[in-house]
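So the structure is just underneath, and the comments pick up after that.
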Amino acid sequence: RTPPRFNLSSSSAEYDVYKRQDEDWKDASGIALKRAMAKSFHVIQPDRKAIDPIRWEIIAPKSDSRDALVVKFGESLDFALAQRLIEIFSSEGDWIHGSKQLEANETEWHFKPDSHWKKGDYTARVQMILEDLAGNNIGKSFEVDVFDDVQRRIHSKSTDRNFRVR
């Protein structure tokens with residue numbers, strides 16, 4: 001038998017796929033399945049949007065506090081990468097030590113400094129390899145439509161978002 005084929009990338013609507021294989025299905029070595037199997041999939045529209053830190057909402061804390069800086073991404077990002085690839089720096093370029101936490105299904109990043117915030121300008125530095133759940137990076141989509149213009153290379157390793165503590 002020929003295995004069934006699905007073209008899941010051509011549709012723009014969400015739908016469910018139910019796949020069933022009988023026990024007489026043979027693998028590449030000619031061995032039949034031990035029992036029938038079934039699997040359901042929920043297919044959604046492809047996410048081809050690169051991450052854009054310019055669209056993030058930054059909620060700056062008050063000075064002389066240890067309140068958390070909150071960055072709202074607008075979508076869920078990869079937990080481990082978001083914990084590791086976002087850092088805070090003072091206007092003098094000093095790294096700000098503190099704890100990081102993701103909230104709201106990884107759509108918000110909270111940073112609580114070890115010391116009180118001082119009035120002034122700060123930078124959130126984000127490595128370009130940060131990913132969303134579809135594998136899109138900053139400035140680069142994971143899945144590419146061959147008819148769209150594509151940026152072939154990312155030329156910097158990080159991007160900055162500035163904010164002010166008052």
Side-chain angles (χ1 to χ4, degrees), residues 8-19 39-166:
L8 302 179
S9 63
S10 63
S11 175
S12 62
E14 292 188 22
Y15 56 94
D16 293 309
V17 174
Y18 179 77
K19 170 95 171 88
K39 179 91 174 154
S40 295
F41 300 89
H42 181 71
V43 181
I44 62 172
Q45 295 180 16
D47 177 359
R48 292 189 178 115
K49 287 189 299 187
I51 298 171
D52 184 3
I54 297 300
R55 296 175 47 201
W56 294 352
E57 178 184 0
I58 296 180
I59 302 168
K62 295 193 183 307
S63 64
D64 299 320
S65 76
R66 289 192 59 237
D67 294 344
L69 164 72
V70 178
V71 180
K72 294 185 177 187
F73 304 127
E75 68 174 323
S76 296
L77 297 184
D78 181 278
F79 180 87
L81 293 176
Q83 291 281 62
R84 192 168 49 92
L85 299 178
I86 305 172
E87 300 290 345
I88 305 299
F89 293 89
S90 70
S91 59
E92 293 82 27
D94 296 325
W95 178 55
I96 307 297
H97 297 265
S99 61
K100 305 170 188 179
Q101 191 168 340
L102 269 79
E103 300 285 340
N105 293 320
E106 289 77 44
T107 63
E108 294 182 6
W109 185 83
H110 294 229
F111 177 81
K112 189 173 181 181
D114 291 345
S115 304
H116 286 76
W117 290 104
K118 297 176 185 170
K119 282 186 182 181
D121 295 325
Y122 292 84
T123 298
R125 180 157 298 140
V126 187
Q127 300 300 311
M128 301 296 276
I129 60 173
L130 181 65
E131 290 184 359
D132 66 13
L133 301 183
N136 301 313
N137 297 114
I138 295 175
K140 185 172 129 278
S141 297
F142 173 78
E143 183 179 339
V144 177
D145 186 327
V146 295
F147 296 107
D148 290 341
D149 288 334
V150 178
Q151 179 181 352
R152 299 275 181 218
R153 289 188 176 15
I154 302 264
H155 297 288
S156 63
K157 293 184 180 190
S158 65
T159 187
D160 293 345
R161 276 295 309 271
N162 298 319
F163 62 96
R164 178 168 287 156
V165 172
R166 301 178 193 273

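All values below were derived from every heavy atom in this structure, side-chain atoms included, with hydrogens, water molecules and symmetry-related copies excluded. For clarity, every value in this text was computed on a predicted model and none was experimentally measured.
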Testing the 3.5 Å rule here: is there a donor-acceptor pair between the side chains of Asp121 and Asn162?
no

Without swapping roles, check the side chain of Asp78 against the backbone of Leu133 for a donor-acceptor pair under 3.5 Å.
no

From Gln45 CD over to Glu14 CD, what is the distance, rounded to the nearest 0.5 angstrom?
6.5 Å

Quick one: does any side-chain atom of Asp52 pair with a main-chain N or O of Ile54 as donor and acceptor, under 3.5 Å?
yes

Here the pair of heavy atoms bringing Ile51 nearest to Glu131 is CD1-C, 3.6 Å

Heavy atoms only: give me the nearest Glu87-Arg84 pair and the separation to one decimal.
OE2-O, 3.7 Å

If we only count heavy atoms from C-beta on, is the Glu75 to Asp47 side-chain gap below 4.5 Å?
yes

For the side chain of Lys100 and the backbone of Gln83, is there at least one donor-acceptor N/O pair under 3.5 Å apart?
yes

With rounding to the nearest 0.5 angstrom, report the CG to NZ distance, Asp67 to Lys112.
8.0 Å

Scanning both residues in full, the closest heavy-atom pair of Pro61 with Ala68 reads CB-O, 4.0 Å

Would you name the heavy atoms of Ala60 and Leu69 that are closest together and state the gap between them?
CA-CD1, 4.1 Å

Mark yes or no for whether Thr123, through its side chain, and Asp160, through its backbone, hold a donor-acceptor pair below 3.5 Å.
no

Contact summary for Ser141 and Ala50, nearest pair of heavy atoms:
OG-N, 3.7 Å

Inter-residue atom distance Leu130.CG - Leu77.CG, 0.5 Å rounding
5.0 Å

Return the NZ to CZ distance between Lys140 and Arg48, rounded to the nearest 0.5 Å.
15.0 Å

May I ask you to decide if Ile129's main-chain N or O and Asn137's side chain share a donor-acceptor pair within less than 3.5 Å?
yes

Heavy-atom closest pair (Phe79 atom, Glu106 atom, distance to 0.1 Å) is CD1-OE2, 3.7 Å

Hey, is the main chain of Val71 close enough, under 3.5 Å, to the side chain of Arg161 for a donor-acceptor pair?
no

Please check if the number of heavy atoms outside Arg66 that lie under 6.0 Å from its CZ is greater than 12.
yes

For a 4.5 angstrom cut-off between non-hydrogen side-chain atoms, does Ser40 reach Asp16?
no

Between the side chain of Trp109 and the main-chain N/O of Ala82, is any donor-acceptor distance below 3.5 Å?
yes

So, the side chain of Asn136 versus the backbone of Lys49: is there a donor-acceptor pair under 3.5 Å, distance only?
yes

Could you grab the distance from atom OH of Tyr15 to atom NE2 of His42, nearest 0.5 Å is fine?
10.5 Å

Between the main-chain N or O of Phe89 and the side-chain N or O of Arg125, is there a donor-acceptor pair closer than 3.5 Å?
no

Side-chain heavy-atom pair Val165, Lys118 within 4.5 angstrom cut-off
no

Which label fits Phe163 and Trp117: parallel for a plane angle under 30°, tilted from 30 to 60°, or perpendicular past 60°?
perpendicular

As an exercise, state the distance from OH of Tyr122 to CZ of Arg164, rounded to the nearest 0.5 Å.
11.5 Å

Within the side chain of Ser63, is there an N or O that forms a donor-acceptor pair under 3.5 Å with the backbone of Lys119?
no

Is there side-chain contact between Val126 and Trp56, with heavy atoms separated by less than 4.5 Å?
yes

